[in-house]
2 protein chains.
Amino acid sequence: MDTALDRAVRVFRDRGYHATSIGDLTAAMRLATGSVYKAFRDKHAVFLAAFERYTALRQEQTRSAAARGKNGRERLRNVLLSYVAHSRGREGRRGCLVVGSAVELSALDPVVGARVNAQLKTNEAFIAGFIREGQADGSIPGHVAADDTARLMICITQGLRVVGKTRLSLDGDRLVGVAMKLLA
Amino acid sequence: MDTALDRAVRVFRDRGYHATSIGDLTAAMRLATGSVYKAFRDKHAVFLAAFERYTALRQEQTRSAAARGKNGRERLRNVLLSYVAHSRGREGRRGCLVVGSAVELSALDPVVGARVNAQLKTNEAFIAGFIREGQADGSIPGHVAADDTARLMICITQGLRVVGKTRLSLDGDRLVGVAMKLLA
DNA sequence: GATAATAGGGAATGCTTGTTTCCTTATCAA
DNA sequence: TTGATAAGGAAACAAGCATTCCCTATTATC
């Protein structure tokens with residue numbers, strides 16, 4: 001079932017919510033129509049489950065990228081580099097389910113809207129945490145406004161996923177190099 | 001006709017492409033089904049026309065915001081402030097047609113994909129231009145990498161529109177205050 | 001080994017969609 | 001005024017959609 005859900009994640013990332021038909025879903029999940037509706041109440045429920053699975057996976061990926069840093073600044077740098085890496089090429093063109101949900105559904109679907117909000121807040125707290133860690137370990141100056149900088153960095157990460165959907169190239173070292181000025 | 005197109009822009013911004021039915025469109029444009037199809041080949045053509053109209057309007061708004069700055073740095077600051085202002089509140093929740101198109105259509109619709117790409121490049125060149133102006137007039141240090149910084153700022157602006165779709169608040173002075181560090 | 005229960009599959013259903021067709025009502029030329 | 005032309009509107013249409021229903025294996029139970 002989890003493997004089927006992973007396939008659902010892929011379709012939703014590729015096509016978005018509304019452009020994904022039950023037919024697309026069953027084909028990708030290799031399940032018959034009836035089986036999908038036996039496992040989930042409706043298409044919306046499949047999407048919610050896929051969303052949850054996607055955010056769990058991404059959080060895990062981001063966390064492990066951060067872990068490779070020796071101090072707050074390096075951990076944050078690794079997080080940003082990881083975001084750029086996931087926004088590039090085919091993976092980038094596949095898109096982020098959080099960004100997709102925010103843009104396509106958030107305003108009209110309160111349930112999805114709430115999940116998107118919660119996820120963004122979690123990511124923001126995650127980034128703000130690294131800034132504060134860096135300030136404690138001396139790798140980031142104390143005068144940096146942790147919360148404002150974290151919110152702007154959320155904008156950067158979400159924007160990366162938008163740009164990654166297009167044909168514009170994204171150079172991790174260069175972009176993150178510039179972005180790290182925000183911690184000066 | 002232009003006033004009808006403005007109404008189409010609004011619906012597409014609110015609901016996105018796929019979630020907007022011809023019924024939604026005719027209701028908003030106050031035109032009958034037949035009339036829409038007499039003016040446009042199909043739904044896709046309506047969207048393309050709306051997209052063009054939206055980008056023209058936004059470019060004009062951004063240009064006039066920039067014009068109020070006395071040097072390159074101030075013009076760029078005004079552009080960023082204008083972006084935040086348009087990403088806030090009801091206007092922000094209405095969303096940006098470029099971001100929406102990038103996320104929802106870009107990957108699967110080559111025509112829209114090309115327009116999104118072109119628009120992002122235009123915006124990026126616009127920002128890079130202000131950076132170079134600032135370097136010429138002395139308001140921005142010469143060591144700033146104009147192109148890399150411009151691309152990162154595009155990510156910021158697109159990200160602002162994503163976050164603006166959610167319930168997270170956006171404080172223009174604070175966010176732009178932090179972002180201006182990129183020009184240090 | 002027979003039976004109950006469950007999981008999976010595919011056809012059927014009703015609804016919504018984008019699109020077309022045709023009819024009515026203005027607009028304008030002669 | 002009359003005839004032709006364009007514009008606008010409503011109903012009709014086929015296709016595609018999400019969802020339901022029912023049938024068929026397979027598993028587990030006694």
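Heavy-atom basis, side chains included; hydrogens, waters and symmetry copies ignored.
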Rounded to 10 degrees, the angle between the two terminal axes of the helix from C/dG1-D/dC30 to C/dA30-D/dT1, each from five pairs: 0°
Partners of [X] by side-chain contact (heavy atoms from CB on, under 4.5 Å), sequence neighbours excluded?
X: A/Arg68; result: A/Ser64, A/Ala65, A/Asn78
X: A/Asp42; result: A/Tyr37, A/His44, A/Ala45
X: B/Thr166; result: A/Ala102, A/Ser106, A/Val116, A/Asn117, A/Leu120, B/Val163, B/Leu168

Can you list everything that forms a side-chain hydrogen bond (donor to acceptor under 3.5 Å, both in side chains) with A/Gln135? Sequence neighbours excluded, please. none
Quick one: list whatever passes side-chain hydrogen bond (donor to acceptor under 3.5 Å, both in side chains) with B/Arg73, sequence neighbours left out. none
Figure out the CE/C1' separation between B/Met29 and D/dG8, and round it to whole Å. 13 Å
Base-contact (B) and sugar-phosphate-only (S) positions in nucleotides 9-22 of chain D, heavy-atom cut-off under 4.0 Å, - elsewhere: BB------SSBBBB
Could you give all pairs that pass the side chain to side chain donor-acceptor pair (under 3.5 Å) test and reach residues 142-164 of chain B, with sequence neighbours left out? A/Ser169-B/Arg151, A/Arg174-B/Asp148, B/Glu124-B/Arg151, B/Arg132-B/Asp147
Between A/Arg13 and A/Glu91 (salt bridge meaning N to carboxylate O under 4.0 Å), is one present in this structure? yes
Residues that A/Phe130 engages under ring-ring contact (aromatic ring centres under 6.0 Å, His included), provided they are two or more places apart: A/Phe126
